[in-house]
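As a basis for the values below, the full set of heavy atoms in this structure was taken, side chains included, without hydrogen atoms, waters or symmetry mates. Counting convention: from 1, in listed order, for ligands and their atoms alike.
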Amino acid sequence: MRIYRAKDYADLSRKTAQIIAAQIIMKPDCVLGLATGSSPVGAYENLVKWYEEGALDFSAVTTVNLDEYRGLPRENAQSYDYFMQEHLFGKVNIDRSRTFLPDGMTQDDEQECRRYEEIIRSVGGVDLQLLGMGHNGHIGFNEPGSCFEKKTRCVDLAESTIRANRRFFASEEEVPRQAYTVGIGTILAARRILLIVSGKEKAGILNQALFGPITPEVPASILQFHGDVTVVADEAALSCSELK
Ligand code: GLP
(Lines give C-alpha, C1' and ligand atoms only; values in the text may rest on other atoms or scores of the structure.)
Protein backbone atom coordinates (compact mmCIF):
# COMPACT_ATOMS: atom_id res chain seq x y z
CA MET A 1 0.00 0.00 0.00
CA ARG A 2 1.40 3.39 -0.99
CA ILE A 3 0.20 6.35 1.03
CA TYR A 4 0.62 9.85 -0.35
CA ARG A 5 0.18 12.75 2.00
CA ALA A 6 -1.49 15.73 0.36
CA LYS A 7 -1.26 19.15 1.91
CA ASP A 8 -4.95 19.94 1.56
CA TYR A 9 -7.99 19.15 -0.57
CA ALA A 10 -6.65 21.04 -3.61
CA ASP A 11 -3.38 19.12 -3.45
CA LEU A 12 -5.25 15.82 -2.95
CA SER A 13 -7.43 16.59 -5.97
CA ARG A 14 -4.42 17.37 -8.16
CA LYS A 15 -2.53 14.23 -7.13
CA THR A 16 -5.63 12.07 -7.64
CA ALA A 17 -6.25 13.53 -11.10
CA GLN A 18 -2.59 13.02 -12.00
CA ILE A 19 -2.83 9.31 -11.16
CA ILE A 20 -6.04 8.92 -13.18
CA ALA A 21 -4.56 10.92 -16.07
CA ALA A 22 -1.45 8.73 -16.06
CA GLN A 23 -3.70 5.66 -16.30
CA ILE A 24 -5.52 7.13 -19.32
CA ILE A 25 -2.25 8.12 -21.00
CA MET A 26 -0.67 4.71 -20.43
CA LYS A 27 -3.78 2.83 -21.58
CA PRO A 28 -6.14 5.07 -23.58
CA ASP A 29 -8.83 2.35 -23.68
CA CYS A 30 -8.66 1.68 -19.95
CA VAL A 31 -11.62 0.87 -17.70
CA LEU A 32 -11.98 3.30 -14.83
CA GLY A 33 -14.07 2.48 -11.78
CA LEU A 34 -15.47 5.82 -10.67
CA ALA A 35 -16.91 7.22 -7.46
CA THR A 36 -19.26 10.01 -6.48
CA GLY A 37 -19.52 12.07 -3.29
CA SER A 38 -17.62 15.24 -2.44
CA SER A 39 -14.16 13.60 -2.29
CA PRO A 40 -13.57 13.20 -6.07
CA VAL A 41 -15.15 16.50 -7.21
CA GLY A 42 -11.84 18.39 -7.25
CA ALA A 43 -10.09 15.57 -9.10
CA TYR A 44 -12.80 15.59 -11.77
CA GLU A 45 -12.36 19.38 -12.11
CA ASN A 46 -8.66 18.87 -12.83
CA LEU A 47 -9.37 16.13 -15.38
CA VAL A 48 -11.88 18.40 -17.17
CA LYS A 49 -9.34 21.24 -17.20
CA TRP A 50 -6.60 19.05 -18.67
CA TYR A 51 -9.04 17.73 -21.27
CA GLU A 52 -9.93 21.31 -22.23
CA GLU A 53 -6.23 22.11 -22.55
CA GLY A 54 -5.85 19.19 -24.96
CA ALA A 55 -3.74 17.13 -22.57
CA LEU A 56 -6.23 14.28 -22.07
CA ASP A 57 -8.38 12.21 -24.40
CA PHE A 58 -11.32 10.24 -23.00
CA SER A 59 -12.59 8.96 -26.36
CA ALA A 60 -11.58 5.35 -25.76
CA VAL A 61 -12.16 5.23 -21.99
CA THR A 62 -14.84 3.02 -20.39
CA THR A 63 -16.19 3.76 -16.92
CA VAL A 64 -18.17 1.76 -14.38
CA ASN A 65 -19.44 3.55 -11.31
CA LEU A 66 -19.57 2.08 -7.85
CA ASP A 67 -23.13 2.74 -6.90
CA GLU A 68 -26.49 4.41 -7.49
CA TYR A 69 -29.45 5.27 -5.29
CA ARG A 70 -32.45 3.03 -5.70
CA GLY A 71 -35.59 4.85 -6.79
CA LEU A 72 -34.01 7.97 -8.27
CA PRO A 73 -34.33 8.44 -12.03
CA ARG A 74 -31.15 9.55 -13.78
CA GLU A 75 -32.69 13.02 -14.43
CA ASN A 76 -32.94 13.57 -10.66
CA ALA A 77 -30.24 16.05 -9.65
CA GLN A 78 -29.26 13.81 -6.69
CA SER A 79 -28.79 10.65 -8.74
CA TYR A 80 -25.22 9.56 -9.22
CA ASP A 81 -25.82 9.38 -12.97
CA TYR A 82 -26.65 13.09 -12.91
CA PHE A 83 -23.62 13.78 -10.71
CA MET A 84 -21.28 12.07 -13.17
CA GLN A 85 -22.83 13.94 -16.10
CA GLU A 86 -22.42 17.27 -14.28
CA HIS A 87 -18.90 16.75 -12.99
CA LEU A 88 -17.23 14.71 -15.72
CA PHE A 89 -19.11 12.95 -18.51
CA GLY A 90 -20.83 16.07 -19.85
CA LYS A 91 -17.55 17.99 -19.93
CA VAL A 92 -15.12 15.62 -21.67
CA ASN A 93 -15.14 13.64 -24.91
CA ILE A 94 -16.18 10.36 -23.33
CA ASP A 95 -18.54 8.08 -25.27
CA ARG A 96 -21.66 8.05 -23.06
CA SER A 97 -22.52 4.55 -24.30
CA ARG A 98 -19.37 3.35 -22.51
CA THR A 99 -20.19 4.90 -19.13
CA PHE A 100 -22.04 2.53 -16.81
CA LEU A 101 -23.93 2.93 -13.55
CA PRO A 102 -26.51 0.68 -11.93
CA ASP A 103 -30.03 1.67 -13.01
CA GLY A 104 -31.79 2.95 -9.89
CA MET A 105 -35.22 2.60 -11.48
CA THR A 106 -35.18 -1.10 -12.35
CA GLN A 107 -38.03 -3.08 -10.81
CA ASP A 108 -36.19 -6.39 -10.60
CA ASP A 109 -33.24 -5.68 -8.33
CA GLU A 110 -31.68 -9.13 -8.60
CA GLN A 111 -31.70 -8.97 -12.35
CA GLU A 112 -30.17 -5.47 -12.25
CA CYS A 113 -27.33 -6.71 -10.02
CA ARG A 114 -26.62 -9.61 -12.37
CA ARG A 115 -26.73 -7.24 -15.36
CA TYR A 116 -24.20 -4.92 -13.70
CA GLU A 117 -21.78 -7.69 -12.77
CA GLU A 118 -22.01 -8.90 -16.36
CA ILE A 119 -21.17 -5.40 -17.67
CA ILE A 120 -18.05 -5.26 -15.50
CA ARG A 121 -17.05 -8.71 -16.69
CA SER A 122 -17.71 -7.92 -20.35
CA VAL A 123 -15.56 -4.77 -20.35
CA GLY A 124 -12.68 -6.84 -19.02
CA GLY A 125 -12.69 -5.71 -15.41
CA VAL A 126 -11.50 -2.46 -13.88
CA ASP A 127 -7.97 -1.15 -14.44
CA LEU A 128 -8.12 1.62 -11.84
CA GLN A 129 -10.82 1.83 -9.18
CA LEU A 130 -11.26 5.25 -7.57
CA LEU A 131 -12.77 5.06 -4.08
CA GLY A 132 -13.96 7.58 -1.55
CA MET A 133 -14.73 6.42 1.97
CA GLY A 134 -17.80 7.12 4.09
CA HIS A 135 -17.54 8.39 7.65
CA ASN A 136 -18.25 4.88 8.90
CA GLY A 137 -15.60 3.34 6.65
CA HIS A 138 -17.95 2.29 3.87
CA ILE A 139 -16.69 1.93 0.31
CA GLY A 140 -19.22 2.17 -2.48
CA PHE A 141 -22.30 1.58 -0.36
CA ASN A 142 -20.82 -1.45 1.39
CA GLU A 143 -21.88 -0.51 4.89
CA PRO A 144 -20.36 -1.92 8.09
CA GLY A 145 -21.79 -5.36 8.78
CA SER A 146 -21.12 -8.85 9.91
CA CYS A 147 -19.50 -10.07 6.71
CA PHE A 148 -17.88 -8.82 3.52
CA GLU A 149 -20.49 -9.08 0.76
CA LYS A 150 -18.88 -9.99 -2.53
CA LYS A 151 -21.23 -9.11 -5.37
CA THR A 152 -23.26 -6.19 -6.65
CA ARG A 153 -26.49 -5.96 -4.70
CA CYS A 154 -29.22 -3.70 -3.36
CA VAL A 155 -28.52 -2.51 0.19
CA ASP A 156 -30.26 -0.65 2.99
CA LEU A 157 -28.25 2.45 3.82
CA ALA A 158 -26.95 2.90 7.36
CA GLU A 159 -28.61 5.65 9.41
CA SER A 160 -25.27 7.47 9.62
CA THR A 161 -24.96 7.42 5.81
CA ILE A 162 -28.49 8.77 5.38
CA ARG A 163 -27.60 11.56 7.81
CA ALA A 164 -24.25 12.25 6.09
CA ASN A 165 -25.88 12.43 2.64
CA ARG A 166 -28.74 14.57 3.92
CA ARG A 167 -26.75 17.68 2.96
CA PHE A 168 -27.40 17.03 -0.73
CA PHE A 169 -31.18 16.77 -0.34
CA ALA A 170 -33.88 19.26 0.63
CA SER A 171 -34.86 17.12 3.63
CA GLU A 172 -33.80 13.87 5.31
CA GLU A 173 -37.06 12.22 4.15
CA GLU A 174 -35.92 12.65 0.55
CA VAL A 175 -32.67 10.72 1.02
CA PRO A 176 -33.21 7.28 -0.53
CA ARG A 177 -33.06 4.41 1.96
CA GLN A 178 -31.63 1.93 -0.49
CA ALA A 179 -28.93 1.83 -3.12
CA TYR A 180 -27.25 -0.47 -5.58
CA THR A 181 -23.59 -1.01 -4.91
CA VAL A 182 -20.87 -3.15 -6.36
CA GLY A 183 -19.66 -5.64 -3.77
CA ILE A 184 -16.40 -5.86 -1.88
CA GLY A 185 -15.35 -8.75 -4.14
CA THR A 186 -16.03 -6.63 -7.23
CA ILE A 187 -13.94 -3.79 -5.78
CA LEU A 188 -11.06 -6.11 -4.87
CA ALA A 189 -11.07 -7.54 -8.40
CA ALA A 190 -9.88 -4.16 -9.77
CA ARG A 191 -6.26 -4.30 -10.89
CA ARG A 192 -5.39 -1.07 -9.07
CA ILE A 193 -7.21 0.80 -6.35
CA LEU A 194 -6.96 4.50 -5.58
CA LEU A 195 -8.51 5.51 -2.24
CA ILE A 196 -8.89 9.21 -1.54
CA VAL A 197 -9.77 10.63 1.86
CA SER A 198 -10.06 14.22 2.99
CA GLY A 199 -10.84 15.97 6.26
CA LYS A 200 -10.19 15.49 9.93
CA GLU A 201 -13.63 13.99 10.62
CA LYS A 202 -12.43 10.91 8.72
CA ALA A 203 -9.01 10.74 10.43
CA GLY A 204 -10.03 8.14 13.03
CA ILE A 205 -11.77 5.81 10.62
CA LEU A 206 -8.95 6.16 8.05
CA ASN A 207 -6.43 5.12 10.68
CA GLN A 208 -8.57 2.07 11.48
CA ALA A 209 -8.97 1.23 7.79
CA LEU A 210 -5.24 1.45 7.02
CA PHE A 211 -3.70 0.10 10.21
CA GLY A 212 -6.45 -1.57 12.24
CA PRO A 213 -7.74 -5.14 12.06
CA ILE A 214 -9.38 -6.22 8.83
CA THR A 215 -13.03 -6.40 9.77
CA PRO A 216 -16.45 -6.00 8.10
CA GLU A 217 -17.11 -3.36 10.78
CA VAL A 218 -14.70 -1.15 8.83
CA PRO A 219 -15.35 -2.13 5.20
CA ALA A 220 -12.38 -0.15 3.82
CA SER A 221 -10.01 -2.25 5.99
CA ILE A 222 -10.38 -5.05 3.41
CA LEU A 223 -8.19 -2.97 1.09
CA GLN A 224 -5.20 -4.08 3.18
CA PHE A 225 -5.58 -7.41 1.37
CA HIS A 226 -5.27 -5.92 -2.12
CA GLY A 227 -1.84 -5.97 -3.73
CA ASP A 228 -1.97 -2.59 -5.47
CA VAL A 229 -3.59 0.15 -3.41
CA THR A 230 -2.64 3.80 -3.53
CA VAL A 231 -4.04 6.08 -0.85
CA VAL A 232 -4.08 9.83 -1.29
CA ALA A 233 -5.14 11.58 1.90
CA ASP A 234 -4.74 15.12 3.10
CA GLU A 235 -2.92 16.07 6.30
CA ALA A 236 -6.19 16.44 8.18
CA ALA A 237 -7.32 12.92 7.25
CA LEU A 238 -3.93 11.51 8.24
CA SER A 239 -3.83 13.37 11.54
CA CYS A 240 -4.65 10.21 13.56
CA SER A 241 -2.20 8.01 11.65
CA GLU A 242 1.42 7.70 12.71
CA LEU A 243 3.12 7.96 9.35
CA LYS A 244 6.78 8.70 8.98
C1 GLP B 1 -21.19 8.05 -0.43
C2 GLP B 1 -20.88 7.11 -1.63
C3 GLP B 1 -19.47 6.62 -1.57
C4 GLP B 1 -18.58 7.76 -1.18
C5 GLP B 1 -18.82 8.10 0.26
C6 GLP B 1 -18.07 9.30 0.76
O7 GLP B 1 -22.30 7.67 0.29
N8 GLP B 1 -21.75 6.03 -1.80
O9 GLP B 1 -19.12 6.03 -2.80
O10 GLP B 1 -17.23 7.41 -1.34
O11 GLP B 1 -20.20 8.14 0.56
O12 GLP B 1 -18.65 10.48 0.36
P13 GLP B 1 -17.92 11.86 0.52
O14 GLP B 1 -16.78 11.85 -0.42
O15 GLP B 1 -18.97 12.89 0.13
O16 GLP B 1 -17.51 11.98 1.95
Taking only non-hydrogen atoms of Y80 and a 4.0 Å limit, the atoms of ligand 1 in range are 1 (C), 2 (C), 7 (O), 8 (N)
Checklist entry - Does a salt bridge link R2 with D228, judged by any charged N lying under 4.0 Å from a carboxylate O? => result yes
Residue-ligand contact E143/ligand 1, heavy atom below 4.0 Å
no
Notebook entry, point to check: Quick one: does T161 get an N or O within less than 3.5 Å of an N or O on ligand 1?
Noted result: no
Atom 14 (O) of ligand 1 sits nearest the protein heavy atom S39 OG, 2.5 Å
Q85 and R74: side chain donor to acceptor below 3.5 Å
no
Margin query: Would a single hydrophobic cluster contain both Y82 and F100, if residues Ile, Leu, Val, Met, Phe, Trp and Tyr are joined by side-chain heavy-atom contacts under 4.5 Å?
Written below: no
Ranked by distance from atom 4 (C) of ligand 1, the top protein heavy atom is T36 O, 4.0 Å
Practice item. Spell out, yes or no, whether L131 and V126 are grouped together once hydrophobic residues are joined by side-chain heavy atoms under 4.5 Å, including indirect joins. Key: yes
Are L72 and Y180 joined in one hydrophobic group, where the rule is that I, L, V, M, F, W and Y side chains link up if heavy atoms are under 4.5 Å apart? no
**Asked** When you check the side-chain N and O atoms of S79 and D81, is any donor under 3.5 Å from an acceptor?
**Response** no
Item to complete: Compute whether any side-chain donor of one residue and acceptor of the other, for Q111 and T106, lie under 3.5 angstrom apart.
Response: no
The protein heavy atom nearest to atom 9 (O) of ligand 1 is D67 OD2, 3.3 Å
Q178 vs D156 side-chain heavy atoms within contact, under 4.5 Å
yes
Short version for A35: what comes under 4.0 Å of ligand 1, heavy atoms counted, is neither
Out of M133, R167, K202, H138, the nearest non-hydrogen contact to atom 16 (O) of ligand 1 is supplied by K202
Among non-hydrogen protein atoms, atom 7 (O) of ligand 1 lies closest to F141 CE2, 3.0 Å
Electrostatic pair R121:E118 at N-O distance under 4.0 angstrom = yes
Is the closest N or O pair between G140 and ligand 1 shorter than 3.5 Å? yes
For atom 12 (O) of ligand 1, the closest protein heavy atom turns out to be G37 CA, 4.1 Å
Under 4.0 Å from one or more heavy atoms of G132, ligand 1 contributes atoms 10 (O)
Within the 4.0 Å heavy-atom cut-off, what T181 brings close to ligand 1 is neither
Examine H135 against ligand 1 and note whether any of their N/O atoms are separated by less than 3.5 Å. no
